[in-house]
Protein chains: 2
Amino acid sequence: MNLSRSQTEPVNGMVCRRSEASTAGSFCQNCVVRTRAFCAVLDDDALARLDQSHTIVNLDSEDGLFMEGDDATSFFTVLSGALRLSKLLPDGRRQITGFVLPGEFVGLSAGDTYVDNAEALTEASLCRFTVSDLKRIGQDNPEMDSQMLAMTNNTLTQARDHMLLLGRMKAPEKIASFLTSLLDRASAADQPTDPLALPMSRADIADYLGLTIETVSRTFTRLKADKIIALPEHNRVSVNNMEALVQLAEG
Amino acid sequence: MNLSRSQTEPVNGMVCRRSEASTAGSFCQNCVVRTRAFCAVLDDDALARLDQSHTIVNLDSEDGLFMEGDDATSFFTVLSGALRLSKLLPDGRRQITGFVLPGEFVGLSAGDTYVDNAEALTEASLCRFTVSDLKRIGQDNPEMDSQMLAMTNNTLTQARDHMLLLGRMKAPEKIASFLTSLLDRASAADQPTDPLALPMSRADIADYLGLTIETVSRTFTRLKADKIIALPEHNRVSVNNMEALVQLAEG
DNA sequence: CGTTAGCTTGATTTTCATCAATACTCGTGG
DNA sequence: CCACGAGTATTGATGAAAATCAAGCTAACG
């Protein structure tokens with residue numbers, strides 16, 4: 001498909017092989033996330049303008065996209081793969097604040113710098129716009145803001161659910177809750193649920209759930225001992241007792 | 001296990017002394033939060049329409065406004081006072097997901113029911129709209145969605161900061177961080193910062209920070225023993241050593 | 001194969017929750 | 001005005017959950 005010049009560029013000290021290619025032609029109409037992304041509500045005219053101003057970005061697993069504090073000049077829609085968003089304390093403690101999946105966007109900032117770090121969890125491709133282009137297009141297409149508001153509101157709802165998990169759940173509940181939400185997403189995206197793929201490392205899971213890797217590991221083995229799940233591989237889970245898992249996940 | 005944190009009132013069925021009055025005349029132009037609320041961007045025409053469709057709601061401290069699962073038919077802007085948003089686990093564990101201050105709004109839901117509980121932290125007055133009125137007005141005033149997007153984005157940023165606190169900070173860091181953010185807000189709102197008022201109970205602080213009331217209390221006394229703060233009253237704090245407090249708050 | 005990064009398991013310590021008692025605050029009625 | 005009582009906050013003793021420290025695994029890759 002589209003060939004791109006691949007380059008290794010340090011982004012703020014972060015080494016990432018990130019390839020970019022400007023696109024010719026009318027990709028937007030045939031975009032894989034056409035029906036789900038913020039641009040789903042745009043008419044053909046606006047889509048044509050988007051086609052002018054977007055760029056495709058390809059990331060390898062673990063590549064950084066942007067960092068907290070960088071100038072927020074770009075805005076991205078995820079086409080494929082997944083990103084993680086994280087925040088750090090000065091001494092290195094990390095909290096993953098969310099995962100970004102195909103159709104969702106990242107990089108919309110309240111101020112003029114990004115407020116978190118975005119990195120690729122897997123290989124990923126993204127559709128990139130400059131914030132100024134986006135604003136321009138948005139002004140002529142008010143339904144875009146309304147769509148983005150709805151999507152942001154969804155993200156906020158998830159964030160609040162996650163606060164309940166972080167502040168009030170115990171380790172087994174956190175893990176169970178994590179697994180059920182992965183299961184939901186996988187089945188929503190027509191991906192296999194048995195075994196379920198865990199696309200992220202134990203460290204990522206730990207930093208997402210507010211635990212250590214040791215506790216994550218121990219909790220998995222405990223759930224396994226309790227016959228609630230099985231771990232055919234480190235990165236695959238299959239659920240034996242869904243009742244019990246859901247029970248735990250609810251708190 | 002204590003199931004009920006607010007023993008005073010049966011919350012189910014929303015027992016609350018809540019007074020409503022439909023408004024005559026053109027309040028919107030003179031509204032106390034005119035320059036800060038989502039309606040700040042509206043023109044006179046739209047304001048006139050808002051005047052038609054809004055209602056004032058007055059809440060006493062601890063009154064409930066809505067509960068998780070209720071039909072999300074109304075939308076509110078806080079005029080004065082403060083609300084808390086919370087989520088519950090089935091066994092009663094509670095997480096406060098945020099506080100809502102004058103100028104901010106509550107009740108915008110991704111789906112058709114509310115996703116959290118909203119209660120008055122202090123006496124409060126709110127401006128109420130039906131969601132359908134709001135949508136109608138929004139369709140003719142696209143800048144409204146854009147303003148609401150910006151405000152929601154701000155809230156999302158706060159939510160993510162709070163996830164870092166909940167998942168990765170220790171009790172003294174949580175308390176210090178809580179105090180510095182209260183100080184910031186108080187000074188932004190031209191309210192006294194020394195002593196700083198704590199408008200919420202220990203239970204609210206605990207449920208906001210993911211701690212127990214005992215740990216909150218002990219942490220306050222420890223900060224006091226370390227001469228970082230003083231507690232002239234239970235609900236007032238004054239900071240003796242701002243350096244140290246900020247140091248702690250940063251992690 | 002050997003090396004390494006990631007994962008698991010075990011022993012110990014730390015932090016915070018829980019349980020329990022005591023003190024403070026404020027409103028009410030004697 | 002004081003005494004009482006309910007609600008709220010503090011303090012203390014103990015326990016449990018999870019973090020930390022420290023080896024061992026396991027699997028992927030040269």
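Labels below follow one simple rule: chain letters A, B, ... track the order of the sequence lines, proteins then strands, and each chain is numbered from 1.
- Each of A:Arg202 and B:Leu211 has a nearest nucleotide on DNA chain C; the 5'-most of these lies closest to A:Arg202.
- Classified by interplanar angle (parallel below 30°, tilted 30° to 60°, perpendicular above 60°), the ring pair A:Tyr208/A:His162 is parallel.
- Atom NZ in B:Lys174 sits about 7 Å away from atom P in C:dA17, given to the nearest Å.
- Heavy-atom distances to DNA chain D give each of A:Lys170 and A:Glu214 a nearest nucleotide, and the one nearer the 5′ end belongs to A:Lys170.
- Taking 4.0 Å as the cut-off between side-chain N and carboxylate O, B:Arg160 and A:Glu68 do not count as a salt-bridged pair.
- Here the P atom of nucleotide D:dA17 and the CZ atom of A:Arg168 are 16 Å apart, to the nearest Å.
- With salt bridges taken as basic N to acidic carboxylate O contacts below 4.0 Å, one links B:Asp204 and B:Arg94.
- Spacing between atom CD1 of A:Ile175 and atom P of D:dA17 amounts to 16 Å, rounded to whole angstrom units.
- Taking the six-membered ring for Trp and thresholds of 30 and 60 degrees, A:Phe66 and A:Tyr114 have nearly parallel ring planes, at less than 30 degrees apart.
- For B:Arg218, counting side-chain heavy atoms from C-beta on, the closest listed nucleotide (D:dA18, D:dA13, C:dA11) is D:dA13.
- Between C:dT9 and A:Thr221, a contact under 4.0 Å exists linking OP1 or OP2 to a side-chain N or O.
- Under 4.0 angstrom from either OP1 or OP2 of C:dC16 there lies no side-chain N or O belonging to B:Thr215.
- OP1 or OP2 of C:dC16 has not a single side-chain nitrogen or oxygen of B:Thr212 nearer than 4.0 Å.
- Here the side chain of A:Asp63 pairs no donor or acceptor atom with the backbone of A:Ala120 at under 3.5 angstrom.
- B:Leu231 has its CG atom 12 Å from the P atom of D:dA9, to the nearest Å.
- For C:dT9, neither phosphate oxygen OP1 nor OP2 lies less than 4.0 angstrom from any side-chain nitrogen or oxygen of A:Ser217.
- To the nearest angstrom, P of C:dT8 lies 12 Å from CG of A:Leu223.
- When the P atom of D:dT8 is taken as reference, atom CE of B:Met200 falls 15 Å away, rounded to whole Å.
- For the pair A:Met169 CE and D:dA18 P, the interatomic distance rounds to 13 Å; values are reported in whole Å.
- In terms of position along DNA chain C, the nucleotide closest to A:Val216 lies nearer the 5' end than the nucleotide closest to the other residue of the pair B:Glu233 and A:Val216.
- Taking the side chain of B:His234 as heavy atoms from C-beta on, and the options C:dC24, D:dG12, C:dA17, the nearest nucleotide is C:dC24.
- Here D:dG12 presents its P atom at 15 Å from CZ of B:Arg222, a figure rounded to the nearest Å.
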